[in-house]
Amino acid sequence: MSTPAANTARKPFTVIGHRGAAGHAPENTLLSIDTAIRLGAHWIEIDIQHHAGELWLMHDLTLDRTTNGRGLLRAHSAAALRRLDAGRGEHIPTLPEALDLIEQRVSVNIELKSWDGCAAAVAACLREYLADGWAPERLQVSSFHLPELWEFKQLLPEVPLGVLYCGVPLDWAGLTAELGAQSLNISAEFVDARLVADAHARGRQLNVYTVNDPAALRLLYELGVDGVFSDFPDRALAAS
Ligand code: G3P
Ligand code: MG
C-alpha cells in the first residue's frame, strides 16, 4: 500500500464480516454469522460450493482444515456432510440456512467457489428469496471466476455483482464494466490511492480483503476505500 491521500469526507467504510466473523468463531458457520451480526458488521461474506443438490458454506475444496472430515467435499454425500463438525459443534450450513438466520438484518456477499460452477444453483435459490421479499440491494454475488459471474448476471440481473481480483489486471476496468459490477473486491496488497481514485471515477466501489490488522484497517480508511472484509468486524468498525 502506498501513502494514503486524506479521506476528507471521513465517511465510515462498510464492514464486511469475512466468512462471518472467522476470527471469533468457526468460519462459514451459523455461529460465525451470528457473531458477526452481534459485533455490528454491516455485511457478511460467505463462500459457497454446489454439491449433491445443496449449496454449502465452505471455503476449501477439502474438508480437512475446517471440519472433522477428510478429503474433497465433493467426495461425500449430503447426509455425510451434514453429520460433520465444522468447529464448536457447528455443522456445515447451506445457503438457505444462512439466509434464514440473517433475515435481512445485514446484507450478504455470496462468493461463488465451486469447481463445476454454482451460478445457476445460487440464482435459483436467490430468486426464491427475492420473491419472498429480500431486497436485491441487500445481496451481492462475487467471484474470482468471471464467466461464473457472467452466467449469474444472465440469470438474475437484479442482484449486484462484485468482481474479485487478487492483483490488478490490465483491463480491470473493462471487465468490471462489461459485467456491470457494483464493486471491485481486491486483495489488500494491491490497493493504493491511484486505484481508489480510478475506481471511484469509474463509478465502482472498492472493497478490500482480508484485513485484520488495526493499523492496516486505519490506513485503508484514510485511503477512502468503500469497504473492508475482516475476520474481526469489531476491529474494522473501530478503524473508521
Ligand atoms: O471475498 C473476499 C475474500 O473472501 C476472497 O478470498 O479466499 O477468502 O474467499 P477468499
Ligand atoms: Mg471468500
Side-chain angles (χ1 to χ4, degrees), residues 1 13-30 32-33 35-36 41-51 55-67 72-73 86-87 92-95 98-99 102 106-115 117-119 121-122 126 138-149 152 159-169 172 175-176 179 181-191 195-196 199 204-213 216-217 220 225-233 235-236:
M1 276 180 237
F13 51 28
T14 299
V15 172
I16 308 159
H18 188 237
R19 309 179 192 175
H24 293 287
E27 67 182 54
N28 282 317
T29 62
L30 297 182
S32 190
I33 291 169
T35 302
H42 309 120
W43 283 71
I44 307 286
E45 185 261 1
I46 49 179
D47 304 295
I48 296 294
Q49 296 187 45
H50 184 220
H51 167 65
L55 291 162
W56 306 97
L57 272 66
M58 172 70 62
H59 179 273
D60 298 0
L61 296 175
T62 53
L63 301 168
D64 303 55
R65 183 179 62 83
T66 58
T67 78
L72 292 170
L73 175 133
I92 306 171
T94 62
L95 180 57
L99 295 175
I102 294 167
V106 293
S107 302
V108 189
N109 173 211
I110 297 165
E111 185 187 341
L112 311 179
K113 283 286 192 202
S114 310
W115 263 342
C118 55
V122 170
L126 294 185
R138 304 305 300 272
L139 298 166
Q140 185 190 81
V141 167
S142 64
S143 189
F144 290 102
H145 195 311
L146 304 193
E148 275 273 284
L149 284 186
F152 182 87
V159 172
L161 300 181
V163 171
L164 270 164
Y165 289 128
C166 184
V168 187
W172 77 262
L175 294 171
T176 306
L179 284 160
Q182 176 181 53
S183 70
L184 175 66
N185 299 349
I186 191 164
S187 184
E189 62 263 45
F190 301 106
V191 176
L195 184 64
V196 174
R204 308 292 168 205
Q205 296 170 16
L206 194 72
N207 299 321
V208 183
Y209 69 90
T210 299
V211 193
N212 295 327
D213 177 73
L217 285 161
L220 289 165
V225 307
D226 298 279
V228 286
F229 297 84
S230 181
D231 297 324
F232 297 91
R235 293 183 193 170

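In this text the structure is predicted, and so the values were computed from the model without any measurement. For ligands, and for the atoms within them, numbers begin at 1 and follow the listed sequence. FYI, the numbering just counts along the sequence from 1.
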* Do you see a donor-acceptor pair shorter than 3.5 Å between the side chains of N185 and S183? -> yes
* **ligand 1 N/O within reach of K113 N/O, cut-off under 3.5 Å** => yes
* Asked: To the nearest 10°, how many degrees is the angle D47 OD1 to the Mg ion (ligand 2) to E45 OE2?
  -> 100°
* List the steps, then state whether salt bridge (Lys or Arg N to Asp or Glu O under 4.0 Å) holds for D47 with R19. => CA-CA 7 Å; D47 304 295; R19 309 179 192 175; 3.7 Å; yes
* Minimum heavy-atom separation for V141 to L149, with atom names? -> O-CD2, 3.7 Å
* In E111, the N, O or S atom nearest to the Mg ion (ligand 2) is which? -> OE1
* Asked: Does the side chain of V228 reach to within under 4.5 Å of the side chain of H18, using non-hydrogen atoms?
  -> no
* Just jot down the ligand 1 atoms closer than 4.0 angstrom to any heavy atom of F144, in number order. => 5 (C), 6 (O)
* Per-atom contacts, ligand 1 versus R19 - under 4.0 Å to a heavy atom -> 7 (O), 8 (O), 10 (P)
* Asked: Starting from atom 5 (C) of ligand 1, which protein heavy atom do you reach first, and at what distance in Å?
  -> E111 OE1, 3.5 Å
* Structure fact -> Which of L95, N109, L99 passes side-chain contact (heavy atoms from CB on, under 4.5 Å) with I46? Answer is L95
* Mind running side chain to side chain contact (heavy atoms under 4.5 Å, CB included) on E111 and L164 for me, showing each step along the way? => CA-CA 9 Å; E111 185 187 341; L164 270 164; 3.5 Å; yes
* Structure fact -> Counting heavy atoms under 4.0 Å, the part of D47 that contacts ligand 1 is side chain
* For atom 3 (C) of ligand 1, find the nearest protein heavy atom and state the residue, atom name and distance (0.1 Å precision). => H18 NE2, 3.6 Å
* Check: T210 and E45 side chains under 4.5 Å, non-hydrogen atoms -> no
* Structure fact -> Of E45, Q140, H59, E27, the one whose closest heavy atom lies nearest atom 10 (P) of ligand 1 is H59
